[in-house]
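As structure tokens, the structure follows; a few thoughts come after it.
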Amino acid sequence: MRKPIVLGNWKLNGTTAASEALVASILAGLIEWDAVDVGVCPPFILIPQVIHQAAHTNLAVGGQSCSEYVLGAYTGEVSADMLREVGCRYVLVGHSERRALFGETNEMVARKVNIALKSGLTPVLCVGETLEERQSGRMNDVVRGQIQAVLNVVGIRSFERLVIAYEPIWAIGTGLTASPAQAQSMHAMIRGVLSEHDPAVARGVRIQYGGSVKADNAAELFAEPDIDGGLIGGASLKAEDFLIICRAAADSLRFI
Ligand code: 13P
């Protein structure tokens with residue numbers, strides 16, 4: 001049985017005060033911590049503050065990205081080791097906004113996953129297709145290619161130590177959510193790709209869905225057998241909504 005995982009991706013949002021209030025409300029809310037892993041991914045500058053606030057709680061913290069380099073003359077970068085040292089557990093890698101706006105290629109993403117694993121972080125490998133790729137029927141090939149690029153570098157056994165997030169780009173921040181059937185179909189496809197290499201690893205890897213997950217659609221998505229929680233953007237900035245989504249993920253275990 002895979003424990004669902006819900007992560008809030010705050011993206012480029014949050015002030016010191018807003019972050020403190022949001023984390024306080026999440027910690028005060030009722031989450032069945034045994035039934036779901038929960039974390040937030042603030043902008044780098046807010047991470048130490050959130051880690052301090054969430055110390056001795058079950059709320060985990062992650063980075064939204066990390067450098068593909070370990071250290072050296074790479075102005076503006078933050079390394080996986082640095083994130084680990086301040087107490088992060090997760091790091092998002094290859095989010096579609098990083099790929100589209102900051103030129104991250106499949107090969108860069110694979111190097112980042114490798115470096116994050118080496119530092120002891122759990123990478124959250126983000127994959128997903130554009131609307132055009134879906135409409136032309138190429139979505140499975142695109143996502144397969146994104147997974148394969150990482151497999152080529154880290155190997156199948158490393159997938160025991162990472163999380164995958166399927167985020168169709170056309171569903172991110174648009175209010176358009178993949179239907180539970182569309183998401184389930186892609187999640188099963190991803191598990192199938194991994195199963196070609198190692199069925200046991202494929203069965204164990206957690207695959208989150210992301211893209212306009214809201215308080216009112218989370219439960220139906222998480223009820224699908226291959227959807228193991230969510231990567232939440234906009235709705236993770238409102239504690240009340242984020243908590244409803246976390247509870248929906250915890251409840252989804254009961255349907256299995
Ligand atoms: P939204 O939930 O705002 O669509 O964002 C999804 C996302 O990109 C999470 O990483």
Side-chain angles (χ1 to χ4, degrees), residues 4-14 18-19 22 26 36-44 46-47 50 59-66 83 88-102 104 109 112-113 116 121-131 133-134 139 142-143 146-147 150 162-180 182-183 186-187 190 206-222 224 227-249:
I5 171 168
V6 175
L7 296 175
N9 175 9
W10 293 2
K11 307 191 180 185
L12 187 51
N13 294 289
S19 157
L22 177 55
I26 293 170
V36 58
D37 287 334
V38 179
V40 292
C41 301
F44 289 133
L46 295 173
I47 284 177
V50 175
L59 183 69
V61 180
Q64 296 175 15
S65 181
C66 68
L83 292 174
C88 284
R89 187 175 310 162
Y90 301 104
V91 62
L92 309 184
V93 182
H95 190 281
S96 63
E97 286 150 17
R98 302 293 319 167
R99 294 179 190 257
L101 304 173
F102 302 99
E104 291 194 12
V109 170
K112 289 184 177 203
V113 168
L121 292 167
T122 298
V124 180
L125 167 62
C126 303
V127 297
E129 81 285 358
T130 62
L131 185 58
E133 287 161 345
R134 174 161 286 265
M139 68 267 191
V142 168
V143 172
Q146 291 169 338
I147 300 279
V150 176
L162 57 74
V163 173
I164 297 172
Y166 168 58
E167 299 202 303
I169 296 168
W170 47 273
I172 294 179
T174 57
L176 287 175
T177 316
S179 68
Q182 282 174 321
M186 184 61 85
H187 284 225
I190 292 169
R206 294 186 290 182
I207 309 178
Q208 301 176 299
Y209 169 78
S212 297
V213 178
K214 306 286 176 210
D216 60 5
N217 63 16
E220 58 176 9
L221 287 159
F222 300 162
E224 294 292 336
I227 300 183
D228 308 310
L231 182 53
I232 320 300
S236 74
L237 298 172
K238 292 186 212 127
E240 199 182 321
D241 291 9
F242 188 62
L243 287 165
I244 291 172
I245 294 167
C246 292
R247 286 186 212 117

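These numbers come from a predicted model, not from an experiment. Nothing fancy with the numbering, it's 1 onward along the sequence. In listed order, ligands and their atoms are each counted from 1.
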Please table the atom pairs, donor to acceptor, closer than 3.5 Å between any side-chain atom in residues 231-240 and protein atoms at least two apart or in another chain.
from	atom 1	to	atom 2	distance (Å)
Ser236	OG	Ile232	O	3.2
Ser236	OG	Gly233	O	2.7

What are the two closest heavy atoms between Cys88 and Gly63, and how far apart are they?
SG-N, 4.1 Å

In ligand 1, which numbered atoms sit nearer than 4.0 Å to a non-hydrogen atom of Lys11?
5 (O), 6 (C), 7 (C), 8 (O)

Taking only heavy atoms of Gly234 into account, list the atoms of ligand 1 that are under 4.0 Å away from them.
1 (P), 2 (O), 3 (O)

Among Val163, Ile207, Val36, find the residue that satisfies the side-chain contact (heavy atoms from CB on, under 4.5 Å) test when tested with Ile5.
Val163

The complete set of side chain to side chain donor-acceptor pair (under 3.5 Å) pairs with one or both residues in residues 164-173, sequence neighbours excluded, reads His95-Glu167, Glu129-Tyr166, Glu129-Trp170, Arg134-Tyr166

Other residues, nucleotides, ligands: >12 heavy atoms within 6.0 Å of Leu12 CG
no

If you measure from each heavy atom of Ser212 to ligand 1, is any distance below 4.0 Å?
yes

Check for a donor-acceptor pair, side chain of Tyr209 on one end and backbone N or O of Gly211 on the other, with a separation under 3.5 Å.
yes

Using a 4.0 Å cut-off to any heavy atom of Leu231, which atoms of ligand 1 qualify?
9 (C), 10 (O)

Does an N or O anywhere in Gly233 fall below 3.5 Å from an N or O of ligand 1?
yes

With a cut-off of 4.0 Å, which atoms of ligand 1 are near a heavy atom of Gly211?
4 (O), 6 (C)

Would you mind telling me if ligand 1 is within reach of the side chain of Ala165, the backbone, both or neither, using heavy atoms under 4.0 Å?
neither

For ligand 1, is there an N or O atom under 3.5 Å from any N or O atom of Ile232?
no

Val124 and side-chain contact (heavy atoms from CB on, under 4.5 Å): which partner among Val93, Ile164, Asn9, Leu7?
Leu7

Between Asn9 and ligand 1, find which residue part has any heavy-atom pair under 4.0 Å and reply side chain, backbone, both or neither.
side chain

Contact atoms of ligand 1, heavy-atom distance to Glu167 under 4.0 Å:
6 (C), 7 (C), 8 (O), 9 (C), 10 (O)

Below 4.0 Å from ligand 1: does a non-hydrogen atom of Ala235 turn up there or not?
no

Taking Arg89 for its side chain and Val61 for its backbone only, find out whether a donor-acceptor pair lies under 3.5 Å.
no

For ligand 1, is Ala171 a contact, meaning one of its heavy atoms is under 4.0 Å away?
yes

